[in-house]
Amino acid sequence: MNIFRLAGDMTHLFSVLVLLLKIYATKSCSGISLKTQELYALVFLTRYLDLFTDFISVYNSVMKVVFISSSVAIVWCMRYHPLTRRTYDKDLDTFRHYILVGVSIILALLFHDRFTFREVFWAFSIYLEAVAILPQLVLLQRSGNVDNLTGQYVFFLGAYRAFYILNWIYRYFTENHYSRWISWLAGFVQTALYADFFYYYFVSWKNNAKLQLPA
Amino acid sequence: DTETVPHDEL
């Protein structure tokens, strides 16, 4: 564990807490893409298949349970909770996210570390996470005004993978033959997808103005 | 070799 990865995990955890706070405090999930939440639940369910087989550390197992349970709980809330489900922008959240799932499956079958059940699912989860934010970014552009908590949620969700890139650079130079090119490439694409969001987020923060994404 | 390394990252 290094400081970059810890910072990344804490930022990721914080983004989940901000999202839960937003839904709980405003009793609304307007501006949140259910499709991105479903993709993230799928990412965690397919990446943490080793939760019960490989024990890395208490921290690792606890964080896996937290990410799986929070993402499933948010999807349940947005789909079935009588109060919040009505506030979901169903007609704005129209990204065809099953295409992202299909492309990730094909990529995982083509590019993986080893052709085993675990590794193909792991590669699938890495590719899917790289594009999982797309429905959310499209929804933000469509819904115009972005409330603070939603903006912070997306910001921290994007920042966590940037910390992971620093972690991979650190591990590359400190651990011999550490190579995770699947994570590196996907992580770079994932962070790059946030580039314009980060730009508008910075501008809104600098001008102390409401976050506005151009349509 | 690197491929047998378990995925120790989240």
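So that the names make sense, note that chain A is the first sequence line, chain B the second, and so on, each numbered from 1.
Across every non-hydrogen atom of R161(A) and L10(B), the tightest pair is NH1-O, 4.2 Å.
Most heavy-atom pairs under 4.5 Å with chain B, from the set M1(A), R5(A), M63(A): that is R5(A). Counting heavy-atom pairs under 4.5 Å between each of F44(A), Y164(A), F67(A) and chain B puts Y164(A) at the top.
Using a 4.5 Å cut-off between heavy atoms, D9(A) touches chain B through its side chain atoms alone.
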field: Trace of the side chain to side chain donor-acceptor pair (under 3.5 Å) decision for E9(B) with N60(A)
entry: CA-CA 8 Å; E9(B) 295 178 346; N60(A) 187 274; over 6 Å; no
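At a threshold of 4.0 Å, the pair E38(A)-R79(A) counts as salt-bridged, since one of the basic side-chain nitrogens sits closer than that to a carboxylate oxygen. By the 4.0 Å N-to-carboxylate-O rule, D89(A) lies too far from R142(A) to be salt-bridged with it.
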